[in-house]
Amino acid sequence: MVSYRFLEFLTASLLASPGAAFVVPSSKQSSSLKAVAKKDSYAVTLLPGDGIGPEITAATKQVVQALATRCNFRIEWKEALIGGAAIDAKNDPFPQESLEQCLASDSVLLACIGGYKWDKNPRELRPETGLLKMRKEMGLFANLRPAKVLPQLIDASTLKREIVEGVDVMVVRELTGDVYFGTPKGIDIVNGQRVGYNNMIYSESEIDRIARVAGDVASKRGGKLCSVDKANVLDVSQLWRDVVTDVITKDFPDVQLSHMYVDNAAMQLIRWPKQFDTIVCGNIFGDILSDEASMLVGSLGMLPSASIGESGPGVFEPCHGSAPDIAGQDKANPLAMILSAAMMLQYDLDRPEEAALLEKAVEAALDAGVRTPDLKQENDGCKVVGCAEMGEIVAKLVAEIDVDIKV
């Protein structure tokens with residue numbers, strides 16, 4: 001039964017017009033990651049989402065406004081709904097008006113989505129469904145997640161100092177294919193019992209384009225790229241390995257390519273993370289490994305991410321969740337969202353110097369000995385501050401820190 005439905009799906013997809021589920025863009029494309037040229041004014045959509053989202057959004061907006069004032073450019077902010085907030089207001093986790101607003105923007109800054117309140121909803125009315133829809137409709141096929149251990153936070157990691165000191169890893173995750181989007185999928189009754197199934201599927205061109213992004217990223221970092229798969233048991237992973245090898249060896253000859261099975265990669269990230277520079281993997285493996293890599297730095301509250309496509313605006317968001325248990329208590333850490341704004345400036349708005357200033361201001365705040373509760377360590381001599389105060393501190397540093405910025 002499942003095989004028949006897959007054959008039916010595959011036949012229909014291969015005959016479909018461009019834009020259908022299995023029709024993907026040409027494998028030869030630009031590696032540019034900037035959506036717009038540098039200009040004096042930008043339209044940015046804010047998606048505060050759920051839980052702590054509105055709090056970290058307010059702190060981040062304050063910081064970016066301070067940066068814009070200092071560097072003589074303008075940000076025109078406009079909020080839109082996504083996730084649980086959108087379900088409550090519109091009965092849709094990502095309404096059409098939100099999608100249209102995002103597509104019309106220069107960039108999108110997302111806080112976080114989800115919460116216990118919507119966990120038992122049917123799948124089409126869960127916050128995560130809105131996130132998947134946004135990625136698919138906006139063509140956001142590449143997710144970049146840096147995991148860099150800052151000297152100020154080495155002791156916040158659960159691993160030994162000698163293991164994590166100096167770690168700087170970039171995980172490049174394919175975002176719109178694999179088992180999360182593959183069809184057929186569902187839960188059926190077969191021989192009197194429920195059977196659940198999903199389809200792990202990739203086309204050659206989908207793998208090709210993420211390999212090119214990873215090759216480009218690796219070539220601008222340490223020149224090492226590790227492709228993660230499960231080619232010893234999965235046919236789709238064998239295709240992944242073949243295509244990645246072909247792209248990197250032919251078009252990125254200066255990048256040192258290696259391959260690693262996903263179970264070994266999960267172990268090696270903990271055993272010896274400094275062996276990695278850039279990692280590329282499919283959607284489900286990347287989902288798991290990027291969260292694992294995030295804990296090398298001590299807290300999800302420090303990790304930004306960028307989701308980008310071939311054209312149009314990207315979406316920039318912290319790696320952490322909505323933390324509904326601390327929502328409204330001023331305990332959230334806004335630094336990951338502030339660093340996500342730095343990635344937005346670098347990749348979408350063509351302002352790398354301003355991005356570097358934001359990053360320097362975050363490090364300066366940590367140097368000043370202030371910590372949100374998730375970063376506080378026993379006897380570290382640091383002061384605990386709330387989300388709002390951390391935003392105020394970083395905004396003040398952005399305005400005053402001594403760096404040269406060309407405007």
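FYI, side chains are in, hydrogens and waters are out, and symmetry mates aren't considered; it's all heavy atoms of this structure.
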What orientation do Phe73 and Tyr42 show, parallel under 30°, tilted 30 to 60°, or perpendicular over 60°? perpendicular
Excluding sequence neighbours, so at least two apart, what forms side-chain hydrogen bond (donor to acceptor under 3.5 Å, both in side chains) with Asp50? none
Does Lys224 make a cation-pi contact with Phe276, if we ask for NZ or CZ under 6.0 Å from the ring centre and within 45° of the axis? no
Set of side-chain hydrogen bond (donor to acceptor under 3.5 Å, both in side chains) partners for Asp374, sequence neighbours left out: Ser299, Asn333, Thr372
Do Glu76 and Ser41 have a side chain donor and acceptor closer than 3.5 Å? yes
Are Asp155 and Arg161 close enough for a salt bridge, meaning some N to O gap below 4.0 Å? yes
Any luck finding a side-chain donor-acceptor pair between Ser237 and Asp229 under 3.5 Å? no
Pairs flagged by ring-ring contact (aromatic ring centres under 6.0 Å, His included) wherever residues 204-243 is involved - sequence neighbours left out: Tyr202-Trp240
With sequence neighbours left out, the residues meeting side-chain hydrogen bond (donor to acceptor under 3.5 Å, both in side chains) with Asn143 are Arg145, Ser307
Is any NZ, NE, NH1 or NH2 atom of the basic residue among Asp251 and Arg212 found under 4.0 Å from an Asp or Glu carboxylate oxygen of the other? yes
Test: Lys133 cationic atom under 6.0 Å from Phe94 six-membered ring centre, within 45° of axis: no
Considering all heavy atoms, the nearest Met260-Ala265 contact: SD-CA, 3.4 Å
Which atom of Leu257 lies closest to which atom of Ser227, heavy atoms considered: CD1-CB, 4.3 Å
Before accepting this row, confirm whether a basic side-chain N of the pair Glu97/Lys90 lies closer than 4.0 Å to the acidic partner's carboxylate O. yes
Taking all non-hydrogen atoms of both residues into account, name the closest pair between Ala80 and Pro48 and its distance. O-CD, 3.8 Å
For Thr278, give me all partners under side-chain hydrogen bond (donor to acceptor under 3.5 Å, both in side chains), at least two apart in sequence or on another chain. Arg221
In terms of side-chain geometry, is the basic nitrogen of Lys274 or Asp168 positioned less than 4.0 Å from the acidic oxygen of its partner? no
Compute whether any side-chain donor of one residue and acceptor of the other, for Ser98 and Gln101, lie under 3.5 angstrom apart. no
Any donor-acceptor N or O pair under 3.5 Å, side chains His320, Ser294: no
Does either side chain, that of Arg271 or that of Gln268, offer a donor lying less than 3.5 Å from an acceptor on the other one? yes
Should we say atom NZ of Lys39 is surrounded by more than 12 heavy atoms from elsewhere, each under 6.0 Å from it? yes
Taking atom types as modelled, is there a side-chain donor on Thr176 or Glu174 under 3.5 Å from an acceptor on the other? yes
How far apart are the C-alpha atoms of Glu389 and Lys383, what are their side-chain angles, what is the distance that settles it, and do they pass the salt bridge (charged side-chain N to carboxylate O under 4.0 Å, His left out) test? CA-CA 11 Å; Glu389 186 176 356; Lys383 176 187 175 184; 3.4 Å; yes
So, is the end of the Arg135 side chain (NZ or CZ) under 6.0 Å from the ring centre of Phe141 and within 45° of the ring's axis? no
Side-chain donor-acceptor pairs under 3.5 Å in residues 110-124, sequence neighbours left out?
| residue | atom | partner | partner atom | Å |
| --- | --- | --- | --- | --- |
| Lys117 | NZ | Asp88 | OD2 | 2.8 |
| Trp118 | NE1 | Asp88 | OD1 | 3.1 |
| Asn121 | ND2 | Leu125 | O | 2.8 |

